[in-house]
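A short worksheet on the structure shown next.
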Amino acid sequence: MVINLSFSPPSSSYSLLKLTNSKSPISEFSLKHKTHFSKSPFSSECYSISSSPLSFKNQFLSEKSRNPCGKRFDFRSGAISGFDFGNFESAQSVLEAAAVLTAIIIVHESGHFLAAYLQGIHVSKFAVGFGPIIAKFNANNVEYSVRAFPLGGFVGFPDNDPDSDIPVDDENLLKNRPVLDRVIVISAGVVANIIFAYVIIFIQVLSVGLPVKEAFPGVLVPEVKSFSAASRGGLLPGDVIIAVNGNEFPKVGPNAVSELVDVIKKNPKRNVLFKVARGKEDFDIGVTPDENFDGTGKIGVQLSLNLKLSKIIPKNLFEAFSYAGKEFWGLTYTVLDSLKQTFLNFSQTASKVSGPVAIIAVGAEVARSNIDGLYQFAAVLNLNLAVINLLPLPALDGGSLALVLIEAARGGRKLPRELEQTIMSSGIMLVILLGLFLIIRDTLNLDFVKDLL
């Protein structure tokens, strides 16, 4: 399973946006992360989920926001500090994140399992994790197990199990079923995750409401570094810069931050005049940017859009379905767009790929912030899993689906079994090796591990 996740800790990925021309200094700001996971079938007759590569880039804010009217806004801001996923402050938040990932694995595999079971297809195993068995029980000729390596899970079929007493020509073996039946089983994991994502969003709308971003003119200063040019000039965290060198930011949108950053960069060692809103007062502050090694200016601040966070609560069930639907389609759009950007800029994003350890770390950070972020985290993971798993690549559900469709195009003639096994086995091996590498690397990047080394 490959997942491309976009969300915004600590304030989550707030999807509804209102625009206003009033001024209000606020301290909330948001970061955006792009995350990728990966999946693999256990064999040509197993459909599995394996949380491997994840990546996220957060030097800027990229928010595809949705409002109740459906209009889209794309905000990007610069000079946002990086997100450190190595700091686990709360065991509870780590467990919550792990529980979300485990639930997604179970839902995905349950989709495959139920699609087979309801069609009368023989199923032999249902596993969460890979490797040695930690705990198991048997029911209705199915072995349910929890395994040592939490890289995903799989549903096993007895089609080629030498220990199975089911005749090889049994019509209820998966391999002997018509193409349509097998397509349903292979696709059911994706369908289950799509449904689960919508259910999560709907529950969020009903239980805690849907977060709304209200955008105001100006650029927020969330943080000012000590002894920096900004600090010397008198800027404080929470200030809102509403004009620079006499030029106000009259419009709410993505350009305010980039325009301010450009002015700062172009004026090293030259006084820049900021008009600042602090509380109910507006006043001017002069700041002289320090010079970077590349000759550009810097003042030592974080900058973000000037946003105020609130929530909308549906008045009735119809509104709840409406809000959940718009949020669902908005997140789906974001997932697809993020995936497209990942493939178009793969040479730049490949080095930022991370594994399950980073996934749990990001989820723990979200869980520490608020419940909204955890809902968002779970919904986006599901949507990413659904979208990416349809790619026709070995070790993905889409790869298994492609083999079945090739068989249909060949008039029901299957590819040679040796070729099919080679294709799937190579994908599995690649995912396992990549997963182990990323787990080790991400673990070594955790702050408390670095302190021990």
Side-chain angles (χ1 to χ4, degrees), residues 1-2 39-50 104-128 138-145 152-199 382-383 385-425 427-428:
M1 162 191 30
V2 178
K39 162 183 193 228
S40 149
F42 192 72
S43 73
S44 60
E45 288 83 30
C46 290
Y47 300 96
S48 61
I49 175 173
S50 107
I104 291 172
I105 293 172
I106 293 173
V107 165
H108 184 90
E109 300 308 331
S110 295
H112 294 308
F113 179 85
L114 290 174
Y117 181 81
L118 294 175
Q119 295 185 88
I121 296 173
H122 295 302
V123 180
S124 58
K125 296 179 180 180
F126 185 105
V128 176
N138 290 275
N140 298 323
N141 297 318
V142 179
E143 177 191 272
Y144 299 87
S145 63
F154 66 90
V155 173
F157 300 86
D159 294 37
N160 298 289
D161 185 355
D163 298 326
S164 173
D165 56 2
I166 300 174
V168 294
D169 59 350
D170 189 310
E171 65 177 8
N172 288 325
L173 288 174
L174 180 64
K175 65 181 181 181
N176 297 332
R177 280 302 189 98
V179 167
L180 180 59
D181 291 355
R182 283 179 281 156
V183 167
I184 291 173
V185 173
I186 295 170
S187 305
V190 166
V191 174
N193 284 118
I194 292 174
I195 294 173
F196 192 34
Y198 181 85
V199 169
N382 276 282
L383 287 173
L385 170 58
V387 172
I388 304 297
N389 260 298
L390 290 176
L391 294 177
L393 301 174
L396 300 180
D397 285 345
S400 299
L401 187 61
L403 292 176
V404 174
L405 295 179
I406 290 172
E407 175 188 333
R410 286 162 52 91
R413 291 183 297 113
K414 297 183 179 182
L415 292 174
R417 178 163 178 77
E418 293 77 12
L419 175 60
E420 189 173 306
Q421 285 185 331
T422 299
I423 293 172
M424 302 308 292
S425 297
I428 293 170

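The analysis underlying the following values was restricted to heavy atoms, covering all of them including side chains, and did not include hydrogens, waters or symmetry mates.
- A donor-acceptor distance shorter than 3.5 angstrom exists from the side chain of S124 to the backbone of G156, with no hydrogens or angles considered.
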Note to self: side-chain contact (heavy atoms from CB on, under 4.5 Å), that's the test. Do V142 and N138 meet it? Break it down for me.
What the structure shows: CA-CA 6 Å; V142 179; N138 290 275; over 6 Å; no
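- Here the CG atom belonging to L118 is positioned 10.5 Å from the CD1 atom belonging to I184, to the nearest 0.5 angstrom.
- Among all heavy-atom pairs drawn from E418 and T422, the shortest one is O-OG1, 2.8 Å.
- L173 and I121 make their closest contact through C-CG2, 4.4 Å (heavy atoms, listed as atom of the first residue, atom of the second, distance).
- No side-chain heavy atom of L403 sits less than 4.5 Å from a side-chain heavy atom of S400.
- Heavy-atom contacts from other residues, nucleotides or ligands closer than 6.0 Å to CG of N141 number 12 or fewer.
- At distances below 3.5 Å, at least one donor-acceptor pair connects side-chain atoms of K414 with backbone N or O atoms of K175.
- From L391, atom CG reaches atom CG of L401 across 11.5 Å, with rounding to the nearest 0.5 Å.
- Annotation: the span from L385 atom CG to I194 atom CD1 amounts to 9.5 Å, rounded to 0.5 Å.
- Distance check, rounded to the nearest 0.5 Å: NZ of K125 to CZ of F113 gives 14.0 Å.
- Considering CD1 of I195 and CG of N382, their distance stands at 11.0 Å, rounded to 0.5 Å.
- In terms of heavy-atom proximity, I388 sits nearest to L396 at O-CD1, 3.6 Å.
- Q119 places a side-chain heavy atom less than 4.5 Å from the side chain of V185.
- Counting only heavy atoms from C-beta outward, the side chains of V183 and V179 approach each other to under 4.5 Å.
- Note: F126 and Y144 have tilted aromatic rings, judged against thresholds of 30 and 60 degrees for the angle between ring planes.
- Taken to the nearest 0.5 Å, the CG atom of N140 stands 5.5 Å off from the OH atom of Y117.
- Here the shortest heavy-atom pairing between P392 and A402 reads CB-CB, 4.2 Å.
- In this model, a donor atom of one side chain and an acceptor atom of the other lie less than 3.5 Å apart for N193 and H108.
- Contacts of E407 classified as side chain to side chain donor-acceptor pair (under 3.5 Å), with partners at least two apart in sequence or in another chain: R182.
- By the 4.5 Å heavy-atom criterion applied to side chains, D397 and S187 are not counted as neighbours.
- The heavy-atom pair separating P158 from H122 by the smallest distance is CD-O, 3.5 Å.
- Nearest heavy atoms, H112 versus A188: N-CB, 4.0 Å.
- Side-chain atoms of N176 come within 3.5 Å of backbone N or O of V168 as a donor-acceptor pair.
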